[in-house]
Each structure stands twice: as C-alpha cells, then as structure tokens.
Amino acid sequence: MSLNDLTQGAIAQMVQTSDPSSSVQNPVCQILSIKKIQASAASASSMGDRYRIILSDGVNYAQAMLASQKRSMVESGELEKHCLVRISQYASNSVQGRRILILLDLNVVHQPTADRIGSPTNVDDSIKPEGGVKQEGGAGGALGNSNVGNNSAGRTTPATSAAGAGKVGGGAAGRPGGSSVHAGMPIYPIEGLSPYQNRWTIKARVTSKSDIRHWSNQRGEGKLFSVNLLDDSGEIKATGFNDAVDRFYSMLQENHVYLISKARVNIAKKQFSNLQNEYEITFENSTEIEECTDATDVPEVKYEFVRINELESVEPNQTCDVIGVLDSYGELSEIVSKASQRPVQKRELTLVDQGQRSVRLTLWGKNAENFPNHAGVDEKPVIAFKGVKVGDFGGRSLSMFSSSTMLINPDITESHVLRGWFDNDGAHAQFQPFTNAGGAGGAMGGGAANMAERRTIAQVKDENLGMSEKPDYFNVRATVVYIKQENLYYTACPSDGCNKKVTPDHEGNWRCEKCDRSYEQPEYRYILSTNVADATGQIWLSGFNDDATKLMGMSAGELHKLREESESEFTAVLHRAANRMYTFNCRAKMDSFNDQARVRYTISRAAPVDFAKAGAELADAINAYM
DNA sequence: CCCCCCCC
C-alpha cells in the first residue's frame with residue numbers, strides 16, 4: 001500500500017465544501033482510528049452509540065462521524081483501524097466553527113495495512129480560517145451558499161486542495177434554476193443536513209404528525225405543529241409555526257412521502273426530541289413541500305414491538321412500540337392537568353395479545369375524541385402503536401405522546417398473526433391485567449382490581465407506602481373521625497384555574513400576586529385535613545376543594561358565611577361531617593415540612609360507601625378463600 | 001417562536 005492508493009488531497013476538499021455533489025467523488029481514504037461515543041442519556045434509546053473516525057488521505061487527516069445507519073460496519077468488525085475505504089456519500093458540517101465530515105455511505109476496499117500510510121497532518125492546520133469572518137451569510141436564504149462562494153473566492157487554500165477548488169464553484173453555478181423545489185437537485189440524506197447549507201431537498205416519509213397546538217407566553221402567542229420525517233439515512237423532527245401551519249398541516253399526512261426543501265435547519269433541543277439527530281427543521285415562508293408518489297425507496301415506518309407480557313422489562317418513561325387486539329375501549333372523559341390546570345380529554349383502550357396479559361393505553365386530546373370514528377374500532381381490531389410512553393401506574397400502563405402513532409388494522413405481518421390468533425383462540429381467552437401497586441396484597445389478590453388496591457390503614461403504614469421516590473396509590477375504606485378546624489379553607493383567587501392565595505389590599509380588595517390584580521371577593525376553597533380510621537388504625541389525609549365539599553356537604557364559601565353568622569352552626573357542620581364512611585382513593589408521597597421528611601397522604605377521590613355493594617365484595621373475597 | 005404529553 002502506498003500513497004497512490006489514497007485519493008490525496010481529498011480531505012481538504014471534502015471538509016471545505018458544503019456541496020459534496022460538486023466536490024471530489026468516491027475518494028479512497030484510510031481509517032486511522034475509530035472511537036465509540038457514548039450515546040447521551042437523552043438519546044440513549046434505540047439508536048445507540050455512534051463512532052468518531054479519524055480519516056486520512058495520506059496528506060491530511062480529519063475527524064469524521066460515521067452515520068448511525070452505518071454503525072453496524074464497526075460492530076461487525078468490517079470497518080477496522082488502518083483499513084482503506086471508498087466514500088461514496090458524505091456531508092461536511094460545521095459544528096462550533098469546526099468542520100466535521102459525516103460518512104453516509106462507504107465500503108471497505110482494502111483490509112487493514114500494517115500502519116498509517118504517509119505522514120498526514122491535521123487538515124484544520126492546513127486550511128486557514130478566514131480572519132474572523134463568520135461563515136454564515138446574510139439572513140435566511142443566502143445562508144447556504146456562502147461556503148461555496150468563500151471557497152472559490154477569498155479563502156486561502158494550500159496546494160493540496162487546489163485541484164478541487166474550481167470544480168466546487170462551477171458545480172454550484174451549473175445547478176438548474178432555483179424556482180423548482182427539486183428539479184435536478186440531488187436528494188439529500190436527512191443525516192447530512194446541517195444549519196450551514198440550505199441547498200438541499202430531502203425526500204422523507206412523515207412518520208408522525210402532531211395535533212396543532214396553540215401557545216401563549218410572555219414572548220407572544222401562536223400555533224404550531226410538528227412532524228417526524230424518515231429516510232434511509234435517519235430521522236429528523238420538523239416544526240411549522242403559524243402560517244406554516246395553514247400551509248402544510250393538512251397537506252402533510254402520516255405515512256406519505258414528500259420532497260421538502262428550503263427549510264431552516266437548527267440545532268436540535270434534544271431534551272424535547274426522541275429522535276437521534278443533532279438538528280431539527282423549521283418550516284419557513286420559503287419552504288417548499290411537494291408530495292412524492294414515487295416513494296418506494298423511502299423506508300416504511302419500522303416497528304419494534306414489545307409484547308404486552310414483556311412490558312415489565314421496559315423501564316417506565318421509555319417509549320416503545322406495541323401491537324395488540326383492542327379488547328375494549330372506554331368512554332371519553334376529562335381530567336384537569338395538574339401542570340397546566342387545563343382540562344384534557346382522555347380515553348382508555350385495553351389491548352391484549354397472545355401472552356394472556358392485557359394493558360391499558362390512554363389516548364389524549366383529539367385522538368381520544370375521534371377514536372370511535374375510525375372504521376372497525378367496534379370489531380376488536382388490531383392496533384399498532386409506535387412510540388407510546390410506558391408508565392408504571394398499576395404495574396405497567398401505556399400512554400400516547402403527541403409524537404406517537406396509532407394504526408388500526410395495519411397491513412403488517414404481526415397484525416395478521418394477531419388477527420388469526422384472536423379469531424381462533426384469543427376471543428375466548430382470559431387476560432390478566434396489570435394490577436395496581438405492590439403486588440403483595442395476598443389476601444385480596446385474585447379479586448377485582450379495586451380490591452387489590454385496597455389497603456387497611458395498618459398496611460398503608462406497614463408497607464411504607466409513599467416512602468420511595470415515586471408516589472404510591474392506594475385506597476382505604478375508613479370513617480371520618482375528626483376534621484381540623486384551623487386552616488380548613490383559604491381565600492383563593494377567583495380567576496378561573498388560578499387558585500392562588502389572595503390577601504386583602506389597602507382598598508379592601510383581594511390581591512392575587514400571580515394574576516397581578518385585585519378582586520372584590522375571594523373564592524373560598526377547602527384545604528382539608530382529616531383524621532380517618534378503620535379497624536386497624538388511624539391516619540391523617542389531606543383533601544382539596546372538590547372532595548372536601550363533598551365531605552362537608554357545602555362549599556367553603558357557604559361554610560364561611562355560616563361561620564360568620566354563627567360559630568355553633570359552623571361546629572355543627574363539622575360534627576355532621578364526621579362519623580361517615582368513605583372509600584378514599586389516596587396518593588402517598590414524601591414531602592418535607594419544617595425541614596422534616598414525612599409522608600403526605602392526599603385524597604384524590606372520596607366516595608361514600610355503598611354498603612350493599614361493599615358487603616357483596618367482602619362476601620366475594622371471603623368466598624375466594626373457600 | 002413550542003418543549004405540554006397530563007389523571008388515577
């Protein structure tokens with residue numbers, strides 16, 4: 001092996017061009033080193049580690065990243081230190097002022113040699129950066145071309161790269177006119193996109209599309225949506241704001257393929273993406289999108305299904321793909337998000353598969369509302385989900401993200417297998433649901449799900465519920481012994497959903513710091529603290545306005561009014577509220593009070609006991625012993 | 001320019 005086996009000077013050309021199609025073609029280089037980069041925690045999911053490669057053309061060496069879809073070349077041992085490769089597709093990205101090559105496609109043309117060929121020097125030392133001139137062009141559209149211009153004009157380049165310089169400029173100039181999205185433009189791999197070039201067209205499949213979301217904050221308000229895009233090199237998230245929503249939202253359909261160009265490429269905020277890409281796309285005014293009917297070369301969505309009975313092996317909060325037969329689906333209901341205080345629509349599905357387990361999956365928002373409108377949902381269809389969140393409520397549960405996708409009766413092998421199984425056997429099978437917390441509950445086990453959650457007060461304490469990081473959920477059937485009179489309610493902001501404490505101001509109005517305004521009247525809201533008991537012990541529970549209103553038999557405002565009229569009437573109400581039995585759904589969670597860690601038990605729902613039903617349940621539990 | 005993904 002000698003220098004002549006390498007494409008000398010190729011690397012200087014490769015790193016300086018923003019347009020590989022007009023730069024050196026199929027250079028042969030030597031691999032000087034391969035180093036694994038640990039996948040970051042945020043992106044550690046499915047894409048795994050990546051590899052940094054030092055590449056030499058005998059004259060220069062440069063750092064390069066191996067495209068993630070070529071990772072297996074290293075892992076299989078095919079790509080080794082000191083072997084020679086022909087690079088058939090690459091991109092050159094500028095990252096924090098340094099140019100980094102991305103090797104998108106390559107093949108090994110010679111087995112490892114004894115040592116490095118020649119005495120290559122760092123390409124960064126050979127190419128002088130222009131004195132303080134940033135590579136970004138002007139605003140928006142001009143950005144991408146600037147590198148090409150700089151290369152052929154002012155940039156001082158060493159002799160090694162002289163051969164390619166003219167070609168770089170000429171290739172770019174010879175491009176067909178810019179009006180058409182893609183005419184004559186080579187299709188660019190998603191993996192090769194970077195913020196420093198905008199002369200690209202990608203051909204990508206929409207793998208997921210979000211709802212339109214509206215936002216309003218200090219910086220303004222607007223609407224947006226996002227899609228995930230896939231080609232055979234990788235995936236990228238794309239977002240459209242405001243006008244882009246109107247232009248593209250209805251056009252972009254899940255599973256369809258589009259030619260997309262003239263969009264902005266930004267550094268990805270990886271904490272908000274489950275895709276493996278340094279960058280993400282924003283649709284702009286200049287962005288052009290065109291549906292592409294010839295989509296055979298763009299990969300289909302790939303699923304990696306986890307069987308329902310294997311969900312326990314998936315860490316909570318990870319996403320996964322799940323397929324199952326829809327055993328049943330629930331009514332549309334509404335919860336109020338604790339974080340946003342906004343109401344959210346939800347609907348729960350129950351999925352089953354051959355593993356004799358069932359799992360609940362929650363749909364949100366429009367997905368929840370529209371679910372019954374899909375064809376076939378009442379005929380126990382097979383449904384495939386991609387990218388659903390695994391939760392640990394009740395053992396394991398599933399929940400849609402906005403980036404998750406749901407396909408009813410997809411035409412894939414797993415779907416047909418499930419259909420066959422269900423129609424033959426599954427329809428008559430029994431499925432064990434993931435049941436609630438602990439799993440211990442021996443005595444109550446095997447009964448209805450709500451019996452399994454039930455604890456005696458002694459068990460709540462013995463089992464140290466709420467002592468771990470995550471909250472524990474349980475219910476107790478207990479009698480109200482005492483309701484604390486102090487701080488039974490507070491003066492809350494009457495503004496819808498605010499609920500912050502308001503204080504009297506100088507003008508006799510009620511001031512809310514959060515809303516930054518005053519109100520004539522506060523809204524009174526309960527903050528209940530009640531001692532409840534069952535046969536095994538007593539416990540203090542905290543309750544909020546809705547449940548407390550139920551316990552007290554009147555609103556906090558009414559109670560306050562009553563108390564102002566008559567203190568004895570007020571205490572009478574408290575006495576009447578006591579000695580009643582409820583089933584309390586509770587949440588146990590650590591918090592700190594006066595710097596002391598303690599477990600706080602919060603009522604999430606209090607329901608009066610239906611004694612006939614409760615008696616029947618107890619009889620069933622006893623019968624289960626026989 | 002969002003960044004929430006909720007509840008039991």
Side-chain angles (χ1 to χ4, degrees), chain A residues 42 208-228 237-245 249 263-264 266-275 280-285 316-319 330-348 360-368 385-406 433-437 449-450 452-454 465 470-476 497 544 546-547 583-589 601-607:
Chain A
S208 78
K209 179 171 95 161
S210 74
D211 286 345
I212 297 170
R213 289 207 311 126
H214 295 259
W215 87 90
S216 173
N217 59 28
Q218 308 93 303
R219 287 189 289 276
E221 55 183 54
K223 59 184 174 179
L224 73 133
F225 78 107
S226 61
V227 289
N228 286 350
K237 178 178 167 180
T239 305
F241 293 94
N242 303 319
D243 289 353
V245 177
Y249 186 78
R264 192 169 70 230
N266 300 316
I267 306 288
K269 294 185 181 144
K270 299 197 109 182
Q271 68 270 36
F272 303 127
S273 170
N274 50 355
L275 299 185
E280 59 193 25
I281 288 174
T282 305
F283 298 141
E284 299 182 289
N285 287 335
N317 295 321
Q318 294 282 98
T319 59
E331 295 290 310
L332 187 68
S333 65
E334 190 173 273
I335 58 123
V336 176
S337 162
K338 285 195 172 119
S340 69
Q341 297 289 347
R342 276 206 281 268
V344 188
Q345 308 289 105
K346 65 165 249 189
R347 187 191 299 274
E348 277 183 1
R360 290 166 30 177
L361 186 148
T362 309
L363 308 182
W364 302 99
K366 290 208 167 56
N367 270 324
F385 291 90
K386 183 161 183 64
V388 288
K389 179 185 162 179
V390 176
D392 60 358
F393 187 76
R396 281 293 180 276
S397 60
L398 300 170
S399 173
M400 289 273 275
F401 275 154
S402 65
S403 58
S404 309
T405 61
M406 173 178 79
F434 286 98
T435 51
N436 253 323
N450 63 345
E453 306 167 29
R454 178 74 49 76
L465 296 184
K470 289 232 159 193
D472 289 311
Y473 297 91
F474 63 93
N475 68 59
V476 290
F544 294 108
D546 293 352
D547 293 298
T583 302
F584 294 100
N585 289 20
C586 299
R587 171 188 144 106
K589 176 89 174 73
Y601 305 100
T602 309
I603 300 167
S604 55
R605 201 173 97 92

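Lettering follows sequence order; numbering is per chain, from 1.
- Taking 4.0 angstrom as the limit, A:K346 places none of its side-chain polar atoms (N or O) nearer than this to OP1 or OP2 of B:dC5.
- Both A:S397 and A:S402 lie near DNA chain B, and the one whose nearest nucleotide falls closer to the 5' end is A:S402.
- Atom NZ in A:K389 sits about 13 Å away from atom P in B:dC8, given to the nearest Å.
- A:R264 has its CZ atom 13 Å from the C1' atom of B:dC2, to the nearest Å.
- Note on A:K269: a side-chain N or O is less than 4.0 Å away from OP1 or OP2 of B:dC1.
- Taking atom CG of residue A:L398 and atom P of nucleotide B:dC8, one finds them 19 Å apart after rounding to whole Å.
- In this structure, the nucleotide among B:dC7, B:dC5, B:dC1 sitting nearest to the side chain of A:T282 is B:dC1.
- Not one side-chain nitrogen or oxygen of A:R213 sits closer than 4.0 Å to the OP1 or OP2 atom of B:dC5.
- Side-chain proximity of A:E280 to B:dC3, B:dC6, B:dC1: nearest is B:dC3.
- Between the side chain of A:D472 and the main chain of A:A588, no donor-acceptor pair closer than 3.5 Å is present.
- A:F225 places its CZ atom 20 Å from the P atom of B:dC4, with the value rounded to the nearest Å.
- OP1 and OP2 of B:dC1 both lie 4.0 Å or more from every side-chain N or O belonging to A:N242.
- Note: OH (A:Y473) to P (B:dC6) measures 11 Å, nearest angstrom.
- Nucleic acid contact class of A:K223 (heavy atoms, under 4.0 Å, all strands): none.
- At a threshold of 4.0 angstrom between heavy atoms, the contacts of A:S333 with the nucleic acid are absent.
- Aromatic stacking of A:W215 on B:dC2: not satisfied for centres closer than 5.5 Å together with planes under 30 degrees.
- Under the 6.0 Å distance and 45° angle rule, A:K209 counts as a cation-pi partner of A:Y249.
- Side-chain N or O atoms of A:R347 include one that pairs as donor or acceptor with a backbone N or O of A:G330 at under 3.5 Å.
- Here B:dC7 presents its P atom at 18 Å from CE of A:M400, a figure rounded to the nearest Å.
- Between the A:S402 side chain and the A:S210 main chain, no donor and acceptor come within less than 3.5 Å of each other.
- Residue-nucleotide stacking is present for A:F272 and B:dC3, judged by a side-chain ring centre under 5.5 Å from the six-membered base ring centre and planes under 30° apart.
- Rounding to whole angstrom units, CG of residue A:N585 and C1' of B:dC7 are separated by 12 Å.
- Classified by interplanar angle (parallel below 30°, tilted 30° to 60°, perpendicular above 60°), the ring pair A:W215/A:F241 is perpendicular.
- An OP1 or OP2 oxygen of B:dC2 is reached within less than 4.0 angstrom by no side-chain nitrogen or oxygen of A:K237.
- B:dC7 atom C1' lies 9 Å from atom CD of A:E348, rounded to whole Å.
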